[in-house]
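Here the structure comes first, spelled out in structure tokens, and everything after it is commentary.
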2 protein chains.
Amino acid sequence: MAQSDTVDRILDAAEELFADRGFSETSLRMITSKAKVNLAAVNYHFGSKNALIHAVFARFLTPFSATLESAFDDLEERCDGKPPTLNQTLWALTESAVRMPQRNEKGISIFMRLLGLAYTQSQGHLRKFLEQEYTESFSRFMRLLKEATPQLSSVDRYWRIQFMLGATAFTMSSSDALRDILQNKLGVETTVQEIAARLVPFLAAGMQAEDTVLIPPAGSNVSVA
Amino acid sequence: MAQSDTVDRILDAAEELFADRGFSETSLRMITSKAKVNLAAVNYHFGSKNALIHAVFARFLTPFSATLESAFDDLEERCDGKPPTLNQTLWALTESAVRMPQRNEKGISIFMRLLGLAYTQSQGHLRKFLEQEYTESFSRFMRLLKEATPQLSSVDRYWRIQFMLGATAFTMSSSDALRDILQNKLGVETTVQEIAARLVPFLAAGMQAEDTVLIPPAGSNVSVA
DNA sequence: GTCGATTTCAAACGTATGTTTCAAACAGAC
DNA sequence: GTCTGTTTGAAACATACGTTTGAAATCGAC
């Protein structure tokens, strides 16, 4: 078996299974049998299941954060001085994601779903790992968002960023099975690019919504100006 | 021990642990020891762990869907004939959630987080259970959304609903530990009501965003072929 | 108080998990 | 070909899980 073809086979299988079923619900035996590899190979090559999870993330997150950094470089250079707009920033992000060289056709959606899981499944070790490996790109994105929405208070911006992350991670992480609940026989097959193209305007509009009203409109129970 | 105080103690403990750690990551032994109850009690009173999960959801979802139905009744009556607006519909939903009688101060956020988990963790049995128990309220909400956004194509509406659900479920399901990634020392304690008050305008604005552009703005920086 | 049904309890069961072991197979260098 | 370090393989290990068991305790009705 070539070099450590084994390592990649494990990563491929793990990536797909994790994306399909989550971390805790995916056993090493599922992974190794899908990868047609001996069970012990995971612990031999990675050390532990948690380390394997980290490796799966690192494999796509490291090149992605590099791509993203340079996209931000380009963007800031093009805007020289003036801060990029919200749309520009969001597009830079999604473009970087979409443009990433994919291992296969499912590449991006797996990528997105894993990110959603990382955020959603409370795996302490994963959070720590991601935090200490990729804070730089993340902080930079946050800074751009801040500069692009100077009209928002810190608190508003904070929550709206949460909402954006939520809509994104969640949409991407919702399994196919899940979509059936909504999928009212539209039956349209949609690429990740198309989803992103729909998502970005939604996010931008939400992010730039009129002032948050803390008290729901008094008069009629539920009318908002 | 009174009646089946045991049942409620199990439900309380399970609810909180599930919300904190997810379903697979919470063992019956954790639940029973937190509830100060014998391990076998869960299987005795509920039959299985999955049935316990269902019971946890049913305990708050059943009264909630009733509240929601009557909120929708009120709303449609008040609008007699004309379909309620998007804002009205969204407010009716969040008001119903917020107005629910809570067992404790953490009531709503646990409720929300559980909903997020239900949507996010791919537990087939849960999805089936929720689907067959609460489709009615869900479908009605969907119908109201449809009538409130006649300008949207079915496909656009479909995706934007996904985005809304995502922002909501995800925001609510993000654990406190998680928020620290973003929480740039704002240190503000926020109630669920306040979050909802911020979320609704965000969602409404996103939902009513200008036409989805499938090709990102041409002139601008990030051009796509 | 007695009886019958319900509920609790400690212990065990069977199974699945992540991990370790150690011998066999293999690789490349000499 | 032989030797050395690396990788694979089958099997076992220890642990944790959900579930079951059967006897003890508890309760309500008579």
Side-chain angles (χ1 to χ4, degrees), chain A residues 1-59 117-118 121-129, chain B residues 1-59 117-118 121-129:
Chain A
M1 195 169 283
Q3 261 283 17
S4 243
D5 180 41
T6 302
V7 168
D8 290 312
R9 295 247 295 285
I10 292 175
L11 285 173
D12 289 340
E15 181 176 86
E16 203 160 332
L17 285 170
F18 286 153
D20 275 0
R21 327 174 20 98
F23 305 113
S24 312
E25 294 80 2
T26 302
S27 73
L28 291 185
R29 283 167 176 83
M30 293 178 196
I31 294 171
T32 54
S33 89
K34 180 182 177 96
K36 294 194 176 64
V37 146
N38 187 272
L39 169 62
V42 169
N43 285 280
Y44 175 76
H45 286 287
F46 297 94
S48 70
K49 182 181 179 179
N50 281 353
L52 169 62
I53 296 178
H54 298 172
V56 166
F57 275 86
R59 184 166 67 149
L117 287 181
Q121 321 230 132
S122 69
Q123 304 257 358
H125 67 96
L126 218 195
R127 195 145 45 237
K128 247 170 241 160
F129 170 78
Chain B
M1 194 167 286
Q3 263 278 21
S4 242
D5 179 40
T6 303
V7 168
D8 289 313
R9 294 247 296 285
I10 293 174
L11 285 173
D12 289 339
E15 181 176 84
E16 202 160 332
L17 285 169
F18 286 153
D20 274 1
R21 328 174 19 96
F23 305 111
S24 312
E25 294 80 2
T26 302
S27 73
L28 292 186
R29 284 167 176 82
M30 291 178 198
I31 294 171
T32 54
S33 90
K34 180 183 177 94
K36 293 193 175 61
V37 146
N38 187 272
L39 169 61
V42 169
N43 285 280
Y44 176 74
H45 286 288
F46 298 94
S48 71
K49 182 180 179 180
N50 281 353
L52 170 61
I53 297 178
H54 297 172
V56 166
F57 275 87
R59 184 166 66 149
L117 287 181
Q121 318 229 135
S122 69
Q123 304 257 358
H125 67 95
L126 220 194
R127 195 145 45 237
K128 247 170 240 160
F129 170 77

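Order of the sequence lines sets the chain letters (A, B, ...), proteins ahead of strands, with each chain counted from 1.
- Look at CG on B/Leu28: it is 17 Å from C1' on C/dA11, rounded to the nearest Å.
- For B/Arg29, the side-chain atoms get nearest to D/dC17 when compared with the rest of C/dT7, D/dC17, D/dA11.
- Of the candidates C/dT8, C/dT17, C/dA11, the closest approach to any side-chain atom of B/Leu39 belongs to C/dA11.
- Taking the side chain of A/Asn38 as heavy atoms from C-beta on, and the options D/dT19, D/dT8, C/dT19, the nearest nucleotide is D/dT8.
- Summarising the geometry, the separation between CZ on B/Arg21 and P on D/dA16 is reported as 13 Å, rounded to the nearest angstrom.
- Here the C1' atom of nucleotide D/dT8 and the CG atom of A/Asp5 are 13 Å apart, to the nearest Å.
- Computed from coordinates, the A/Asn50 CG to C/dT19 P distance equals 7 Å when rounded to whole Å.
- Put simply, B/Ser27 has a side-chain N or O that comes within less than 4.0 Å of OP1 or OP2 on D/dC17.
- Nucleotide D/dT19 holds its P atom 11 Å from the CD1 atom of B/Ile31, rounded to whole Å.
- Across A/Val42 and A/Ser48, no two heavy atoms sit closer than the pair CG1-O, 4.4 Å.
- Map B/Thr26 and A/Ala40 each onto its nearest nucleotide of DNA chain D; the residue landing nearer the 5' end is A/Ala40.
- When all heavy atoms are compared, the tightest approach of A/Arg59 to A/Asp12 is NH2-OD1, 2.8 Å.
- Put simply, CG on B/Leu52 is 14 Å from C1' on D/dT19, counting in whole angstrom units.
- Using the six-membered ring where Trp is involved, B/His54 and B/Phe129 have ring planes that are parallel, under 30° apart on the 30 and 60° scheme.
- With rounding to whole Å, A/Glu25 atom CD is found 15 Å from D/dG18 atom C1'.
- Residue A/Asn43 contributes atom CG, which lies 16 Å from atom P of D/dT15 at whole-angstrom precision.
- Considering only side-chain atoms of B/Tyr44, the nucleotide from C/dT7, D/dC17, D/dT8 that sits closest is C/dT7.
- Across D/dT8, D/dG18, C/dG18, the shortest atom-to-atom separation from the side chain of A/Thr6 is found for D/dT8.
- What you find for B/Phe18 and B/Leu117 is that their closest heavy atoms are O-CD1, 3.1 Å.
- Under a 3.5 Å cut-off, the side chain of B/Lys49 and the backbone N or O of B/Phe23 do form a donor-acceptor pair.
- Out of D/dT19, C/dG18, D/dT8, the shortest distance to the side chain of A/His45 is found at D/dT8.
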